[in-house]
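Notes follow once the structure below has been shown.
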Amino acid sequence: MTIREMQNEILRLKKEKGVLILAHSYERQEILEIADVTGDSYRLACSVKGAKEQTVLMCGVRFMAETVKILAPEKRVILSHKDAGCPMADGLTPALLKELQAKYPNAVTAAYINTTAKVKALSDVCVTSSSAVKVLSRLADKEILFVPDCNLGGYCKKRLPEKTFHFFNGGCPVHMCARLGDVLSAKAEHPNALLLVHPECGAEVAERADYVGSTSGITDFVRGSSHGEFIIGTENAIAEHLEYEFPDKKFYRLSQNLVCADMRLTTLKSVWDCLAEHGGEEIILDEPLRLAAKKCIDKMIELGG
Ligand code: 13P
Ligand code: SF4
């Protein structure tokens, strides 16, 4: 089968079986092309509300599929590849979080959306890369335990000097690969390009960026800009998608190492396998766990996230 033939077969099966396909923007181009909704993790989770399809196939990683299930328990939610996890989310276990909460008993726990359902269930408020500063600024509490990404947490801390922050020493192994040296050499090579980065990058990178935002935020920035050249500091799939969407503009990868192996696990064949009922994994959450995890997402929505 060619890529086009497999895509057509997926579109046929998807229609026949009534499946809504969501694809995170870090997925391969050929997967984005057959998806109903693409974008950042929060945009994907919110898009399920009101969808007529009974089954949702999440092409992304486990915490994203869990978030969909938390918000839409009536749907059958399938993760595109059973091994697609997020090392940052998996690095913070409920036991580690409980230890930190015991150390900082007066702090509210703010959990990045890149966390497991079990960690969300122990947290007070959830944030996304695009909503974190706004949500935390609207919290009445002054003392915040921010988990698990100390880079996104540090980015918030700089913008909210009136708050006290405590961190878990976690982060995204992909975005942490981008270093100051990459910024300096990319800027020297492409002096007219704007640097757009994800807040999961370290401070030495984020501080030198022209724009810091979520995966959807970076794409929207390019869409709204008359500029012609950009250095992209997030997973390299974004640079590739931007090249397709804006063939007249130039996109440079901040580092060739910005590749998330977990996102690469999903292929067109895995999507086809899921639709043929012999691939992926259905997400099942106990109702008490789901309700506890939903509380921190509801708090984010209440605070304008
Ligand atoms: P977004 O919320 O920006 O989609 O980020 C998710 C992610 O995993 C980034 O590494
Ligand atoms: Fe997790 Fe980083 Fe991959 Fe995003 S890019 S899914 S944070 S490992």
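Remember, it's 1-based here, ligands and their atoms both numbered in the order they're listed.
Atoms of ligand 1 found under 4.0 Å from any heavy atom of Asn114 (numbered from 1 in listed order, with element): 7 (C), 8 (O). Listed by number with element, the atoms of ligand 2 under 4.0 Å from a non-hydrogen atom of Asn114 are 7 (S).
The protein non-hydrogen atom at the shortest distance from atom 8 (S) of ligand 2 is Pro87 CD, 3.4 Å. Nearest protein neighbour of atom 2 (Fe) of ligand 2, counting heavy atoms only, is Cys172 SG, 2.3 Å. Scanning the protein heavy atoms around atom 3 (Fe) of ligand 2, the nearest turns out to be Cys260 SG, 2.4 Å. In this structure, atom 4 (Fe) of ligand 2 lies nearest to the protein heavy atom Tyr26 CE1, 3.9 Å. Considering only non-hydrogen protein atoms, atom 1 (Fe) of ligand 2 sits nearest to Cys86 SG, 2.4 Å.
When non-hydrogen atoms are compared, ligand 2 lies under 4.0 Å from neither the backbone nor the side chain of Glu235. Proximity of Asp262 to ligand 2, defined as any heavy-atom pair under 4.0 Å, is not found for any part of the residue.
Tested against Val127 for a side-chain contact (heavy atoms from CB on, under 4.5 Å), the candidates Val133, Asp149, Val135 yield a single pass: Val135.
Counting heavy-atom neighbours within 6.0 Å of Lys249 NZ, excluding the residue itself, gives a total above 12. At most 12 heavy atoms of other shown residues, nucleotides or ligands fall within 6.0 angstrom of atom NZ in Lys157.
We find the CG-CD1 distance between Asp40 and Ile238 to be 9.0 Å, quoted to the nearest 0.5 Å.
Under the 3.5 Å distance criterion, with hydrogens and angles disregarded, a donor-acceptor pair is assigned to the side chains of Thr234 and His175. Counting only N and O atoms by type, the side chains of Glu66 and Thr116 include no donor and acceptor under 3.5 Å apart.
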